[in-house]
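Comments concern the structure below.
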Amino acid sequence: MASMLLTSLRSSPLTSVQAAQFAARSLSTSVYLQAQAKSKKTLAKSGVKNVVLVDGVRTPFLLSGTTYADLMPHDLARAALQGLLKRTGLPKDAVDYIVYGTVIQEVKTSNVAREAALGAGFSDKTPAHTVTMACISSNQAMTTAVGLIAAGQCDAVVAGGVEFMSDVPIRHSRKMRKTMLSLNKAKTLGARLSLLGSIRLAHLSPELPAVAEFSTAETMGHSADRLAAAFGVSRLEQDEFALRSHKLAKKAQDSELLSDVISFKVPGRDIVSKDNGIRPATMEQMAKLKPAFIKPHGTVTAANSSFLTDGASAVLIMSEEKALAMGYKPKAYLRDFVYVSQDPKDQLLLGPTYATPKVLEKSGLTLNDIDVFEFHEAFAGQIMANLKAMESDWFGQTYMGRKTKVGAPPMEKFNTWGGSLSLGHPFAATGCRLVTTVAHRLQKEGGQYGLVAACAAGGQGHAMVIEAYPQ
């Protein structure tokens with residue numbers, strides 16, 4: 001499909017001139033638009049409970065191998081949960097259920113939701129389970145919470161996500177594991193000696209966690225490079241977008257807009273209170289980096305990709321009735337959401353393109369109704385490819401069965417406080433960051449509707465509409 005996309009896009013309505021015009025518009029770094037107060041309809045549905053986001057927090061997102069290096073995943077998740085309790089003043093026994101997302105599991109705490117909850121002091125009577133859906137794991141945790149509340153099973157659910165890339169599980173080789181299991185079952189000394197004698201040097205080779213898609217054996221970075229080529233996204237465009245992300249994140253951090261970040265005293269080390277991956281460079285510095293995946297002609301580099309990150313997030317989701325009864329002023333309503341999936345080989349990272357029109361149609365909204373957009377930035381090339389796909393009539397007609405293009409979000413409303421490229425991307429924790437950021441931006445900018453969208457491994461994607469709570 002990559003070659004077909006490249007050939008077809010060149011001859012499609014998205015001409016090189018239009019692409020250049022679109023790129024220029026897309027990379028606008030104009031000051032934030034303060035959305036005008038609107039009298040739009042509410043998305044409340046008759047007979048359906050209103051589900052609200054009361055608040056959300058996250059630990060600082062740190063480059064893997066830095067200050068969090070000696071911790072474990074449940075330590076970060078516990079810190080996020082404790083931060084949420086402190087921020088909201090929530091009685092620990094008021095929570096009906098806890099759902100957490102994670103991608104690369106620590107084998108000692110396979111149900112990290114339960115271990116973190118117990119460590120944070122939640123009642124041992126509060127059930128907790130862990131979900132995994134690649135980079136949209138905490139999105140899945142949140143929508144699970146929405147479902148539990150909408151179904152009348154719960155009134156208050158804590159959802160979140162954690163990822164700890166500083167220490168990932170490394171296994172013995174399969175042959176070595178089989179030998180060790182057999183050794184454990186051996187009943188005689190002779191049998192044990194025979195098994196020990198069968199061990200070869202090759203058996204000692206470690207087995208690292210997969211960094212490639214299981215179904216395609218291709219890394220996500222390689223897919224991003226091919227996708228960028230298919231949509232004609234240049235290295236310059238990618239570097240410009242990445243620099244935009246870092247500049248906007250730095251401005252948001254300096255302006256104290258990233259209020260979801262909590263301070264965390266790392267045992268034996270310093271208190272951390274800020275993300276440490278925000279590093280605005282220059283275009284000249286970025287241009288010096290070599291391709292990271294497709295060498296020597298690829299366009300995806302370390303500078304225009306999200307980096308390995310440690311961090312955790314947590315949000316308090318409640319029925320509106322329960323939240324108001326407990327004296328809370330919610331931040332936002334969590335409205336319609338969708339999950340999508342595509343071919344993991346050629347459309348691995350196009351989740352936002354497919355999910356956005358579906359969730360808008362479900363909500364009865366148009367792109368113009370949305371005041372705040374927060375898309376997950378896995379790679380600058382991935383974001384730019386999605387924006388160009390959304391702007392392409394040919395792509396909409398050929399691959400999505402639409403009469404016309406989806407339409408791309410205006411950049412003055414798009415990720416204006418930075419994104420995963422700069423803030424960091426602890427896989428399972430990003431979804432909660434996106435939703436909390438939308439709620440805060442809607443409050444700050446006076447908008448009514450926000451839209452979250454993200455891609456994920458396996459060719460999957462997610463989108464959700466968030467509605468501002470009346471101030």
Side-chain angles (χ1 to χ4, degrees), residues 1-2 5-6 8-9 12 14 18-19 22-28 134-136 139 220-235 237-242 244-245 299-300 304-306 338-360 367 370 372-400 402 404-416 419-421 425 430-431 434 450-464:
M1 173 194 154
L5 273 174
L6 186 56
S8 300
L9 279 172
S12 74
L14 188 65
Q18 290 171 321
F22 173 69
R25 180 178 67 84
S26 294
L27 292 171
S28 167
C135 297
I136 52 176
N139 305 71
M220 188 172 284
H222 195 110
S223 294
D225 231 329
R226 287 197 302 106
L227 188 68
F231 282 93
V233 183
S234 69
R235 167 75 180 269
E237 287 178 285
Q238 294 175 58
D239 286 352
E240 284 179 340
F241 185 89
R244 171 189 188 270
S245 182
T299 56
V300 175
N304 57 41
S305 307
S306 57
V338 298
Y339 289 93
V340 296
S341 58
Q342 293 79 235
D343 169 23
K345 182 169 178 59
D346 289 321
Q347 299 196 29
L348 179 70
L349 303 172
L350 290 177
T353 298
Y354 284 90
T356 295
K358 284 191 174 184
V359 80
L360 289 174
L367 208 65
I370 304 300
V372 163
F373 294 88
E374 286 290 332
F375 281 23
H376 163 48
E377 300 170 352
F379 303 88
Q382 161 257 332
I383 284 290
M384 295 301 297
N386 272 276
L387 295 177
K388 291 192 177 187
M390 296 171 87
E391 278 290 288
S392 169
D393 285 317
W394 173 84
F395 188 86
Q397 293 163 359
T398 306
Y399 285 96
M400 302 179 69
R402 297 173 57 86
T404 60
K405 64 186 180 183
V406 173
M411 295 308 289
E412 61 267 19
K413 298 180 180 181
F414 188 86
N415 292 14
T416 58
S420 301
L421 289 169
H425 175 40
T430 290
L434 293 170
L451 190 146
V452 160
C455 61
Q460 303 194 98
H462 166 78
M464 176 188 280

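By convention here, the first residue in the shown sequence is residue 1. Just so it is clear, the model here is predicted, and its values are computed rather than measured.
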(request) Would you name the heavy atoms of A389 and T353 that are closest together and state the gap between them? (result) CB-OG1, 3.9 Å
(message) Whether the side chain of T398 engages the backbone of W394 through a donor-acceptor N/O pair (distance < 3.5 Å, no angle test) should be reported.
(response) yes
(request) Taking ring pair (Phe, Tyr, Trp, His ring centres under 6.0 Å) as the test, write out the residues that go with H425, two or more places apart. (result) H376, F427
(message) Test of understanding: with salt bridge (Lys or Arg N to Asp or Glu O under 4.0 Å), list the residues that count as partners of K358, not counting sequence neighbours.
(response) none
(message) Just to verify, what does S234 make a side-chain hydrogen bond (donor to acceptor under 3.5 Å, both in side chains) with, not counting sequence neighbours?
(response) E237
(request) Calculate, to the nearest 0.5 Å, the distance between atoms NZ and CZ belonging to K345 and R226 respectively. (result) 5.0 Å
(message) Tell me if a side-chain donor or acceptor on E374 pairs with a main-chain N or O of L434 at a distance below 3.5 Å.
(response) no
(message) For Q460, is there any backbone N or O sitting under 3.5 Å from a side-chain donor or acceptor partner on S341?
(response) no
(message) Please evaluate residues L367 and L360 with respect to the criterion side-chain contact (heavy atoms from CB on, under 4.5 Å), reporting the C-alpha separation (whole Å), side-chain torsions for both, the decisive distance (0.1 Å), and the verdict.
(response) CA-CA 7 Å; L367 208 65; L360 289 174; 3.8 Å; yes
(request) Would you confirm whether D239, through its side chain, and N304, through its main-chain N or O, come within 3.5 Å as a donor-acceptor pair? (result) no
(request) State, to 0.1 Å, how close S306 and S420 come at their nearest heavy-atom pair, and which atoms those are. (result) CB-O, 3.7 Å
(request) Given side-chain contact (heavy atoms from CB on, under 4.5 Å), test V452 with N139 step by step and report yes or no. (result) CA-CA 10 Å; V452 160; N139 305 71; 4.2 Å; yes
(request) State the CG-CG distance between L227 and L348, to the nearest 0.5 angstrom. (result) 8.5 Å
(request) Check the pair V233 / T299 against side-chain contact (heavy atoms from CB on, under 4.5 Å), numbers first and verdict last. (result) CA-CA 9 Å; V233 183; T299 56; over 6 Å; no
(request) With sequence neighbours excluded, tell me which residues meet side-chain hydrogen bond (donor to acceptor under 3.5 Å, both in side chains) with S223. (result) E218
(message) side-chain contact (heavy atoms from CB on, under 4.5 Å), that's the test. Do N415 and R244 meet it? Break it down for me.
(response) CA-CA 10 Å; N415 292 14; R244 171 189 188 270; 4.3 Å; yes
(message) Can you give me the closest heavy-atom contact between C455 and G351, atom names plus distance?
(response) CB-N, 4.2 Å
(request) Compare every heavy atom of S305 with every heavy atom of F379, then report the nearest pair and how far apart it is. (result) CD2-OG, 3.3 Å
(request) Taking salt bridge (Lys or Arg N to Asp or Glu O under 4.0 Å) as the test, write out the residues that go with D225, two or more places apart. (result) none
(request) Quick one: list whatever passes ring pair (Phe, Tyr, Trp, His ring centres under 6.0 Å) with F375, sequence neighbours left out. (result) F414
(message) To check you understand the geometry: which heavy-atom pair defines the closest contact between V338 and A355, and what is its length?
(response) CG2-O, 3.6 Å
(message) To the closest 0.5 Å, what do you measure between CZ (F231) and NZ (K388)?
(response) 10.0 Å
(message) Nearest 0.5 angstrom please: T430 OG1 to E377 CD, how far?
(response) 10.5 Å
(request) Look at the side chain of Q342 and the backbone N and O of G459, then say whether any donor-acceptor pair between them is shorter than 3.5 Å. (result) yes
(message) Minimum heavy-atom separation for M220 and A456, please, with both atom names.
(response) CE-C, 4.4 Å
(request) Answer with yes or no whether the side chains of Q347 and Y399 bring together a donor and an acceptor at under 3.5 Å. (result) no
(message) Could you check whether any side-chain heavy atom of V300 comes within less than 4.5 Å of a side-chain heavy atom of Q238, counting everything from C-beta outward?
(response) yes
